[in-house]
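Notes to accompany the following structure.
When a ligand or atom number is given, it counts from 1 through the structure's own listing order. Model, not experiment: these values are computed from the prediction. Side chains are part of it too, since the values below use all heavy atoms of this structure and drop only hydrogens, waters and symmetry mates. Numbering starts at 1 and runs along the sequence shown.
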Amino acid sequence: MENFIQQIPKAELHLHIEGSFEPELMFKIADRNKIKIKYKSVDELKAAYNFNNLQEFLDIYYAGANVLLTEQDFYDLTYSYFKKINEQNVIHTEIMFDPQTHTDRGVKFSTVINGIKNAQDKAKEELGITSKLIMSFLRHLDEQSAFNTLEQSLEYKDWITAVGLDSSEIGYPPSKFKKVFDEVRKQGYLVVAHAGEEGPPEYVWEAINILDVNRIDHGNRSLEDNNLVKILADNKIPLTVCPLSNVKLRNVDKIENHPIRTMLNQGLVATINSDDPAYFGGYMNENYSAVANALDLSKEDLYQLTLNSFNSTFLEENEKVELINKLDEFYKNNN
Ligand code: HPA
Ligand code: ZN
């Protein structure tokens with residue numbers, strides 16, 4: 001099974017590039033930029049990765065991102081992620097970035113996106129990995145800040161496929177961002193939103209009915225509402241589920257109780273993703289292995305989850321077919 005997981009061609013749909021910032025690279029970049037980190041060593045930093053909830057994680061995640069200043073920094077961060085997923089046979093990825101985390105510190109929007117885009121181009125050329133970019137608004141900031149960010153993005157519209165909503169969930173419902181997402185869609189972007197990670201099913205309803213999302217990030221708490229499950233299943237609205245993240249942030253008490261199998265059984269288009277792999281103990285393969293072992297998933301289950309991912313990408317239909325053919329070819333020969 002481990003070989004199967006390693007080798008099956010995969011797509012990642014829920015990944016915060018700032019969450020792929022490995023401690024070793026963080027220290028290297030901090031050094032280069034002459035910024036002091038409050039932890040003395042990589043080990044001391046890693047020891048702090050013990051979270052009781054989303055907010056405790058976010059506090060450390062934003063602190064880590066503070067050392068990123070130059071285009072080279074964003075390039076190095078992004079290309080390191082690509083090298084890692086290349087070892088794991090991830091052949092397509094849709095990367096989220098949080099511009100406000102950087103622009104609020106005086107880093108230019110152009111610095112952030114140029115660094116990321118150069119890494120995407122290099123990864124396509126050198127590793128054959130295709131990718132899309134999702135710009136996420138921080139929901140703990142106000143709607144005006146999101147509007148300002150949207151405005152800054154327009155110059156780079158061709159590089160950005162979708163706009164999302166992340167950060168602290170409870171108390172910041174999707175409805176708070178109705179106006180800006182109306183404009184986001186008018187500008188031609190697709191829409192995703194974190195919902196139902198810590199927040200209630202009502203936030204998932206709002207993401208669907210008010211933001212008109214193409215996918216839900218996480219969505220776990222949808223399972224508390226049968227009518228919502230039916231809407232998600234009937235409309236084939238994908239959920240980008242992140243098993244190790246859910247355990248690390250204590251939204252699921254232990255991996256054996258992860259709801260991914262229930263989601264499949266209820267006809268939901270669930271997918272497996274890593275969220276913030278540098279902080280949560282693993283990239284795609286570690287997430288696959290964790291649920292496969294804990295829930296005794298079959299190769300067919302893993303194939304279904306992976307097929308869901310490819311079907312849920314923001315690629316053109318013909319591009320999807322090409323990647324799904326690769327997946328099917330693999331499955332035919334390894335089943
Ligand atoms: N939830 C909300 N915001 C985030 C997350 C998450 O899991 N990771 C990075 N930003
Ligand atoms: Zn996330």
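A donor-acceptor pair shorter than 3.5 Å cannot be found between the side chains of E322 and N318.
When heavy-atom distances to ligand 1 are checked against 4.0 Å, the residues falling inside are H16, L54, F57, L58, Y61, D166, S167, H194, E197, H218, D275, D276, ordered by chain and number.
Linking Ile, Leu, Val, Met, Phe, Trp and Tyr residues whenever their side-chain heavy atoms come within less than 4.5 Å leaves Y172 and V180 in two separate clusters. Note on L13: it does not cluster hydrophobically with I91, by side-chain heavy-atom contacts below 4.5 Å among ILVMFWY residues.
The aromatic ring centres of F280 and F57 sit less than 6.0 Å apart.
A salt bridge links D301 with R261: the closest approach of a Lys/Arg side-chain nitrogen to an acidic carboxylate oxygen falls below 4.0 angstrom.
Under a 3.5 Å cut-off, the side chain of E197 and the backbone N or O of E169 do not form any donor-acceptor pair.
With sequence neighbours left out, H218 forms a ring pair (Phe, Tyr, Trp, His ring centres under 6.0 Å) with H14, H194.
Below the 2.8 Å limit, the Zn ion (ligand 2) has as protein N, O or S neighbours H14 NE2, H16 NE2, H194 NE2, D275 OD1.
Grouping Ile, Leu, Val, Met, Phe, Trp and Tyr by side-chain contacts under 4.5 Å, direct or through others, puts L190 with M96, I134, V192, F314.
More than 12 heavy atoms of other residues, nucleotides or ligands shown are found within 6.0 angstrom of NZ on K176.
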